[in-house]
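Residue numbering restarts at 1 for every chain, and letters A, B, ... go by the order of the sequence lines.
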2 protein chains.
Amino acid sequence: MPVTIKDIAKIAGVSHTTVSRALRGHPGIAPETVARIKKIAAELGYIPNTVARGLKTQRSGVVGVIVRRIVDPFFSEVLNGIEDTLQAAGYSFFLSSSNRDPEREKTIVRVMSERRVDGVIVCSSQVSEHHRRQLERFRVPTVLINNQAAEESAHSIYHDDVYGGWAVTHHLIELGHKRIAFLGNARGGRTSEERLRGYKQALSEAGLPIDEACIVSGPNGLAEGGAEGARRLLALPELPTGVVCYNDVMAIGVMRVLAEHGVHVPADCSVTGFDNIELAAYVNPPLTTFDQPKYELGHQAAVMLLRLLDGTADSDKRDIVVLRGELCPRESTAPPPENGRFVTEG
Amino acid sequence: MPVTIKDIAKIAGVSHTTVSRALRGHPGIAPETVARIKKIAAELGYIPNTVARGLKTQRSGVVGVIVRRIVDPFFSEVLNGIEDTLQAAGYSFFLSSSNRDPEREKTIVRVMSERRVDGVIVCSSQVSEHHRRQLERFRVPTVLINNQAAEESAHSIYHDDVYGGWAVTHHLIELGHKRIAFLGNARGGRTSEERLRGYKQALSEAGLPIDEACIVSGPNGLAEGGAEGARRLLALPELPTGVVCYNDVMAIGVMRVLAEHGVHVPADCSVTGFDNIELAAYVNPPLTTFDQPKYELGHQAAVMLLRLLDGTADSDKRDIVVLRGELCPRESTAPPPENGRFVTEG
DNA sequence: GCACATTATGCACACGTGTGCATATAGGGG
DNA sequence: CCCCTATATGCACACGTGTGCATAATGTGC
């Protein structure tokens with residue numbers, strides 16, 4: 001029912017070819033003809049059909065964004081960076097969340113292929129090698145953000161988690177802490193491992209022992225997972241004076257459980273987060289964390305994909321970008337308690 | 001370059017018409033032919049081109065989702081409900097955020113039209129009447145979630161904010177509070193106004209006076225906006241014993257500023273939020289709030305749109321759904337301090 | 001053995017746009 | 001006045017799929 005270039009052509013008394021060229025700014029059309037056609041198009045409220053154009057040009061102008069979980073303050077900000085950049089370049093995007101469900105992941109890749117997306121950005125989701133290859137078979141350029149095996153992929157972008165883990169741990173050490181726990185995310189994969197590596201590195205550098213009992217994991221990266229991790233720490237004979245958490249949300253869960261057990265943060269125990277989500281500065285106490293360049297991460301991923309799409313970058317040439325965030329000290333960390341440590345009930 | 005039904009037709013020795021029918025389950029094709037064609041399709045790794053199909057069938061199978069801000073814990077959960085429902089129905093969606101920028105909003109509506117989305121869901125974003133009408137001109141069914149003027153639109157779904165505002169206020173009153181502040185969101189529009197109405201209603205019912213000095217606004221719905229609002233309350237000669245906040249994020253901002261001024265929550269002052277975001281249960285103290293059916297909101301909006309798309313529902317018939325959440329009491333509220341109130345510095 | 005119904009398949013066009021090539025028109029130089 | 005070039009426009013086909021109608025093949029009843 002909508003207006004097509006043929007409708008315009010009929011009124012203007014020209015062929016639809018001329019209309020197409022006039023509207024697309026093709027050279028070789030008389031200026032007055034162009035003006036006339038544009039006027040008619042405007043009057044009719046013509047809106048070009050990108051779908052039809054895409055069919056002919058073999059480019060949809062759409063990219064797919066796959067994420068593990070939509071409700072995630074870290075990812076939201078990354079997505080924000082992706083969106084701004086893609087929109088400025090005239091691209092739209094499909095958003096899909098895999099929710100760690102392999103079946104759903106399979107569906108997503110299939111649908112994206114069927115809809116002929118020009119490219120894909122996979123964020124923090126371990127899309128299996130199998131599906132990655134399927135996308136490659138369709139020559140769909142893919143950029144991975146913070147994925148599980150960054151090294152294997154030609155185009156990926158991630159943050160320096162080893163450094164981040166080192167930075168927060170080093171911060172606690174400088175404050176005088178000697179017994180520092182690490183609370184990982186059992187489902188965090190590579191990210192969690194690398195933060196742990198940074199943690200160990202900082203301890204080693206400072207000549208502090210690595211106590212495996214102080215390295216625990218929460219079942220997931222949510223507040224609830226942090227709470228569970230905190231309970232494990234409270235079960236230790238002696239509570240560490242500092243806890244390095246996998247992310248801010250878990251840290252907030254940790255602080256909750258500590259508060260419930262009468263442990264004061266930071267007086268009795270310091271807590272650090274990771275990511276610097278919007279709320280980190282506002283929780284009680286404000287969270288010392290590692291500020292990740294979240295928006296930038298999304299922005300750069302989008303830029304990288306756009307380069308692949310317009311041919312500026314070579315699909316076969318490896319391109320791995322590592323961004324480094326920075327420590328963001330706030331009030332959830334302080335020197336350890338002077339007279340001994342907090343004695344747990346257990 | 002990808003495999004088309006013509007490629008399959010050539011190999012199978014039939015016309016592309018037969019292939020199309022065989023794959024789509026059209027009746028009148030010999031079962032053995034269907035089997036043979038499906039086998040070849042599978043071997044070649046054929047993936048149907050939804051774009052081409054959409055061109056012919058005039059249905060893209062894509063809907064547009066417009067939101068004000070991506071980084072918003074409330075909206076994330078709504079989006080989650082939308083996504084699950086749309087995906088189960090075989091639809092994909094474009095996500096766009098307007099960021100309150102009229103220019104950007106204009107672009108979004110244009111792009112969605114150009115891409116021929118089958119429908120649009122507008123969430124918490126006051127897409128202007130002008131643009132709404134443009135969508136209507138294209139006969140694009142539109143469902144509005146929690147919009148500014150729900151009454152004017154034929155299809156919308158929102159939550160009962162008057163009741164919510166009443167519920168949290170009533171909760172404070174029952175605890176014994178007599179001087180309760182309301183912290184609105186200057187950019188919250190209708191939503192903020194209705195929560196305020198519920199607040200006033202609860203006070204009136206209890207025979208409590210409405211003190212305009214206790215009704216303030218933050219400049220936005222973020223933690224920072226809440227913080228700013230809290231400073232305004234602290235500037236009052238006497239701090240109210242309870243604060244009803246526009247949403248959870250603002251409430252967290254409020255608690256931050258109160259803590260900085262030595263005001264204990266809930267001992268000196270009770271604070272309530274709104275929405276029940278994931279972190280609400282984990283902040284310190286855990287936030288008493290009004291639990292909104294966020295996922296359900298998104299789910300129902302998607303269902304409503306799907307009904308319009310498959311013709312089950314009539315586009316011209318008004319359909320307005322109101323969901324009602326429920327009070328979610330936690331530890332940020334308690335009876336008011338016994339001996340007088342907290343005296344501010346100012 | 002012939003008319004007819006039934007089944008299986010193909011032809012040709014359509015969806016809205018883009019593009020290589022041919023063609024029509026105009027202008028200029030000799 | 002003719003040839004050549006430059007300019008402006010149209011024709012016809014393409015992109016990948018779906019569909020009404022025609023047609024071929026097969027079976028059925030008499």
Side-chain angles (χ1 to χ4, degrees), chain A residues 1-38 40-41 44-62 90 111 113-118 138-139, chain B residues 1-38 40-41 44-62 90 110-118 138-139:
Chain A
M1 211 44 142
V3 183
T4 74
I5 54 172
K6 287 185 183 170
D7 300 327
I8 299 175
K10 196 168 286 177
I11 295 180
V14 296
S15 73
H16 81 275
T17 306
T18 302
V19 176
S20 171
R21 291 188 178 130
L23 295 179
R24 308 244 74 211
H26 222 265
I29 303 292
E32 53 269 31
T33 310
V34 173
R36 187 161 49 97
I37 288 175
K38 284 195 172 171
I40 295 173
L44 294 183
Y46 169 71
I47 294 202
N49 185 331
T50 320
V51 177
R53 170 154 47 222
L55 180 60
K56 179 62 187 174
T57 61
Q58 303 282 52
R59 312 211 76 193
S60 61
V62 177
V111 170
S113 306
E114 288 180 352
R115 297 201 183 278
R116 299 294 191 266
V117 295
D118 290 339
F138 278 83
R139 304 176 197 282
Chain B
M1 208 47 142
V3 183
T4 73
I5 54 173
K6 287 185 184 172
D7 300 326
I8 299 175
K10 197 168 287 177
I11 295 180
V14 297
S15 73
H16 81 274
T17 308
T18 302
V19 176
S20 170
R21 290 188 179 133
L23 296 178
R24 306 245 73 213
H26 221 265
I29 303 291
E32 53 268 33
T33 309
V34 172
R36 188 160 47 97
I37 288 175
K38 283 194 173 171
I40 296 174
L44 294 183
Y46 169 73
I47 295 202
N49 185 330
T50 319
V51 177
R53 179 180 305 164
L55 179 60
K56 179 61 188 175
T57 62
Q58 304 283 53
R59 311 211 75 191
S60 61
V62 177
R110 180 175 53 73
V111 170
M112 300 251 170
S113 305
E114 289 180 353
R115 298 202 183 277
R116 299 295 191 266
V117 295
D118 290 339
F138 278 81
R139 301 175 199 283

* Gap separating the OG1 atom of A/T4 from the CD1 atom of A/I47, nearest 0.5 angstrom -> 13.5 Å
* Taking CG from A/N49 and P from D/dG16, how many angstroms apart are they, rounded to a whole number? -> 17 Å
* What is the distance from CZ of B/R116 to C1' of D/dT17, rounded to the nearest Å? -> 18 Å
* To do: May I ask you to evaluate whether B/Q58 reaches the phosphate of C/dG16, defined as a side-chain N or O under 4.0 Å from OP1 or OP2?
  => yes
* Measure from CD on B/E114 to C1' on C/dG18 and round the result to the nearest Å. => 16 Å
* **A/L44 side, atom CG; A/I11 side, atom CD1 - distance, nearest 0.5 Å** => 4.5 Å
* Rounded to the nearest Å, what distance is computed from the CZ atom of residue B/R59 to the P atom of nucleotide C/dG16? -> 15 Å
* Structure fact -> In this structure, CD1 of A/I5 is separated from CD1 of A/I40 (nearest 0.5 Å) by 13.5 Å
* Structure fact -> Between CZ of A/R24 and C1' of C/dG20 the distance, given in whole Å, is 18 Å
* Counting side-chain heavy atoms from C-beta on, which of C/dT17, C/dT19, D/dG18 comes nearest to B/S20? -> D/dG18
* For A/L23 and C/dT17, give me the distance from atom CG to atom P, rounded to whole Å. => 9 Å
* To do: Output yes when a side-chain donor or acceptor of A/R115 lies under 3.5 Å from a complementary backbone atom of A/S60, and no otherwise.
  => no
* Hey, is the side chain of B/R53 poking within less than 4.0 Å of OP1 or OP2 on D/dG16, counting only N and O atoms? -> no
* Can you find a pair of side-chain heavy atoms, one from B/T18 and one from B/S15, that are under 4.5 Å apart? -> yes
* Reading nucleotides 6-13 of chain C 5' to 3', which nucleotides get B (base under 4.0 Å from a protein heavy atom), which S (sugar-phosphate only), which -? -> --BBBBB-
* **B/E32 bridged to B/R36 by N-O distance under 4.0 Å** => no
* Starting from P on D/dA14, measure out to CG on B/L55 and report it in whole angstrom. => 17 Å
* Provide, to the nearest angstrom, the distance between the NZ atom belonging to B/K10 and the P atom belonging to D/dG16. => 12 Å
* Residue pair A/K10 / A/K6, side-chain heavy-atom distance below 4.5 Å -> no
